[in-house]
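Shown next, in structure tokens, is the structure this report addresses.
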Amino acid sequence: MKYKTLKGLQDILPPDISIWQQVESRAREIFRTHGYQEIRLPIMESTDVFIRSIGETSDIVEKEMYTFLDKGGRSITLRPEGTASFVRAYVEHHIFNNPPPQKFFYMGPMFRYERPQAFRYRQFYQIGAEAMGTDDPKLDAEIISMLSSILFSIGLEGLNFEITSIGCKKCRPDYKTALKEFLADKLDGFCSDCERRYNLNPLRILDCKVPACIDSRKGSPPVVDYLCEECSEHFNSLKHNLNLLQVPHTINPNLVRGLDYYTKTAFEVSSESLGSQKAVAAGGRYDSMVDEFGGPPTPGIGFAIGMERIIPLIKDSDDKPEGPEIFICPMGNEASEKALLLAEQLRSTGLWVETNYDNTSLRSQMRKANRINAKKVIVLGEDEIKTGKITIKDMAEGENIETLLQADEILKSLGREKM
Ligand code: HAM
């Protein structure tokens with residue numbers, strides 16, 4: 001074969017696409033009931049947007065960004081995630097002037113130059129949500145509850161919701177000191193990246209995937225033990241409100257996120273069925289990012305669901321894919337033209353109608369109608385054209401309907417009004 005998709009990319013084809021659309025429409029519905037509005041952001045940004053927010057020493061920025069110079073010599077990056085772009089837009093369009101909380105969602109492709117493996121792609125799709133303007137833990141609980149509603153509504157089971165708090169600017173310095181003290185005599189066991197991170201950003205060592213580093217950092221103190229009073233209260237209130245909303249969750253004091261911008265609440269939803277790439281969704285609070293992007297200090301919280309991770313989990317029922325409402329089988333040239341016109345007339349009312357274009361036998365047309373799961377079939381032969389009468393045959397052995405060969409009559413007998 002001459003051309004193939006690039007490594008780590010995939011085509012999404014029918015019938016899978018209908019599962020994608022179902023997930024998207026469920027999510028849209030749940031966003032609507034929670035007051036989240038859609039935003040569409042560019043898929044590329046100035047590279048600085050990501051470096052500033054995700055963090056210079058994160059794996060994403062250090063190793064995974066698709067960065068290039070455009071023809072004007074500017075450094076451009078394909079978005080590896082949505083939050084940084086969202087905050088850039090939030091500040092650029094002064095959205096902070098709207099009454100809080102301002103709630104948004106997005107759907108679209110993200111790009112990370114990671115080693116491709118099952119459920120890990122270089123272009124992958126996220127459904128994300130961001131809520132701005134309040135740091136009240138009730139909002140944290142509500143957004144996690146909304147995430148659980150989306151995941152449960154599409155039939156996912158056996159998910160593990162893990163939450164933690166990773167502190168704020170106030171408590172982090174103490175934690176960093178404690179972590180560095182703990183790691184000080186273990187540096188020899190670390191990869192060269194982590195050796196560097198030790199001084200630059202020791203928290204990133206907790207996220208390193210190198211087996212030797214995972215081993216060496218075992219037993220490191222959890223950040224929840226170093227929370228300041230404010231963060232501690234915030235975390236307690238989050239737990240209380242999650243219980244109130246009956247969101248099943250566990251506390252994982254060792255949960256680490258791969259992005260630097262998080263403060264206080266962080267969470268991850270995983271499924272053991274996915275193996276090593278088990279995170280299906282993740283998110284957290286980012287109370288300093290708007291400020292760092294030049295806006296007024298504004299707290300925010302959000303999450304993103306990984307589409308390629310949830311689609312395989314959706315119990316693939318044996319349901320046949322949806323087929324057309326009507327398949328018209330013309331016999332001969334005159335009937336072919338009539339079928340072409342009739343199909344267009346019926347479609348104008350919103351019906352999905354298919355017809356046959358080449359001159360094949362009735363038997364082969366019926367087989368095709370069956371294969372594409374057509375619900376009803378109309379045969380258009382010489383007799384039908386001569387008498388002006390047709391039969392709408394129900395493929396599921398329901399009632400056959402006799403009617404006239406006119407779009408209006410057909411629609412009437414199907415109980416459909418013209419649009
Ligand atoms: P993240 O944890 O980097 O967070 O990604 C969220 C989800 O995207 C992951 O849990 C996973 O399901 C999916 N994902 C990530 N990388 C890949 C990949 N290479 N292939 C397939 N799926 C992938 C964020 O992106 C944050 N922006 C979430 C957020 C929103 N935090 C606050 N607001």
Side-chain angles (χ1 to χ4, degrees), residues 6-10 12 20 23 27 31 36 39 41 45 49-50 53-55 58-61 63-66 78-90 101-132 139-140 143-144 146-147 150-151 156 159-164 166 207 209 255-271 273-290 299-313:
L6 298 175
K7 200 171 163 194
L9 273 59
Q10 65 168 345
I12 302 148
W20 282 64
V23 171
F31 285 138
Y36 284 69
I39 46 161
L41 302 166
E45 298 275 349
V49 167
F50 302 113
S53 51
I54 298 171
S58 64
D59 270 0
I60 295 182
V61 169
K63 302 174 188 163
E64 297 169 2
M65 295 207 302
Y66 279 91
L78 296 187
R79 61 181 183 192
E81 58 107 43
T83 311
S85 306
F86 164 73
V87 172
R88 192 265 313 136
Y90 182 82
Q102 305 102 4
K103 302 168 172 177
F104 300 92
F105 76 90
Y106 48 86
M107 300 180 179
M110 310 291 158
F111 305 84
R112 294 184 195 173
Y113 193 80
E114 291 192 85
R115 194 168 49 77
Q117 63 180 80
F119 313 118
R120 188 162 75 191
Y121 295 90
R122 289 182 172 168
Q123 175 176 338
F124 57 96
Y125 286 76
Q126 287 186 341
I127 296 181
E130 315 287 352
M132 309 299 293
L139 179 66
D140 304 36
I143 205 168
I144 297 173
M146 179 173 77
L147 170 61
I150 295 175
L151 298 174
L156 300 193
L159 298 177
N160 194 10
F161 286 71
E162 292 174 300
I163 61 157
T164 193
I166 55 170
D207 190 36
K209 314 285 184 308
L255 183 69
V256 183
R257 301 283 294 120
L259 307 116
D260 271 358
Y261 50 65
Y262 290 113
T263 51
K264 294 184 180 156
T265 306
F267 52 93
E268 196 167 278
V269 186
S270 59
S271 162
S273 328
L274 293 176
S276 65
Q277 300 305 310
K278 60 186 184 157
V280 298
R285 180 163 276 293
Y286 47 90
D287 290 348
S288 314
M289 217 197 320
V290 175
I301 181 167
F303 65 75
I305 301 173
M307 287 293 275
E308 288 77 2
R309 308 244 170 119
I310 58 170
I311 299 293
L313 291 177

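The structure presented is a predicted model; accordingly, all values stated were derived computationally and were not measured. Counting starts at 1 for both ligands and their atoms, in listed order.
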Nearest protein heavy atom with distance in Å, relative to atom 8 (O) of ligand 1:
Gln126 NE2, 3.1 Å

Decide whether the shortest distance between a heavy atom of Leu259 and an atom of ligand 1 is less than 4.0 Å.
yes

Residue selection (non-hydrogen contact nearest atom 21 (C) of ligand 1) among Phe119, Phe86, Tyr262, Tyr106:
Phe119

Please check whether Val280 reaches ligand 1 - meaning an N/O of the residue sits under 3.5 Å from an N/O of the ligand, judged on distance alone.
yes

Which atoms of ligand 1 are found less than 4.0 Å from any heavy atom of Tyr261?
26 (C), 27 (N), 31 (N)

Go through it in stages, so that I can follow the logic: the residues are Tyr106 and Gln126, the test is side chain to side chain donor-acceptor pair (under 3.5 Å), and I'd like the CA-CA distance, side-chain angles, deciding distance and then a yes or no.
CA-CA 8 Å; Tyr106 48 86; Gln126 287 186 341; 4.8 Å; no

Between Glu114 and ligand 1, does any nitrogen or oxygen pair lie at a separation below 3.5 Å?
yes

Element-labelled atoms of ligand 1 that are located less than 4.0 Å from some non-hydrogen atom of Arg257
1 (P), 2 (O), 4 (O)

Does Arg309 count as lying over the ring of Phe119, i.e. NZ or CZ under 6.0 Å from the six-ring centre, within 45 degrees of the axis?
no

Minimum heavy-atom separation for Gly55 and Asp260, please, with both atom names.
CA-OD2, 3.3 Å

Shortest non-hydrogen contact from Ala89 to Leu41?
CB-CD2, 3.6 Å

Centroid separation under 6.0 Å, is that true for the rings of Phe267 and Phe161?
no

Fit a plane to each ring of Phe111 and Tyr66, take the angle between them on a 0 to 90° scale, and name the class: parallel (under 30°), tilted (30 to 60°) or perpendicular (over 60°).
perpendicular

Using a 4.0 Å heavy-atom threshold (strictly under), name the region of Glu130 that reaches ligand 1: side chain, backbone, both or neither.
side chain

Heavy atom of the protein closest to atom 9 (C) of ligand 1 (residue, atom name, distance):
Ala279 O, 4.1 Å

Check the angle between the aromatic planes of Tyr286 and Tyr261 and answer parallel, tilted or perpendicular using the 30° and 60° thresholds.
perpendicular

Just to check, does Gly284 reach to within less than 4.0 Å of ligand 1 when the distance is taken from its heavy atoms?
yes

Can you find an N or O of Ile305 that's nearer than 3.5 Å to an N or O of ligand 1?
no

Does the Arg112 side chain pair with the main chain of Pro80, one donor and one acceptor, at a distance under 3.5 Å?
yes

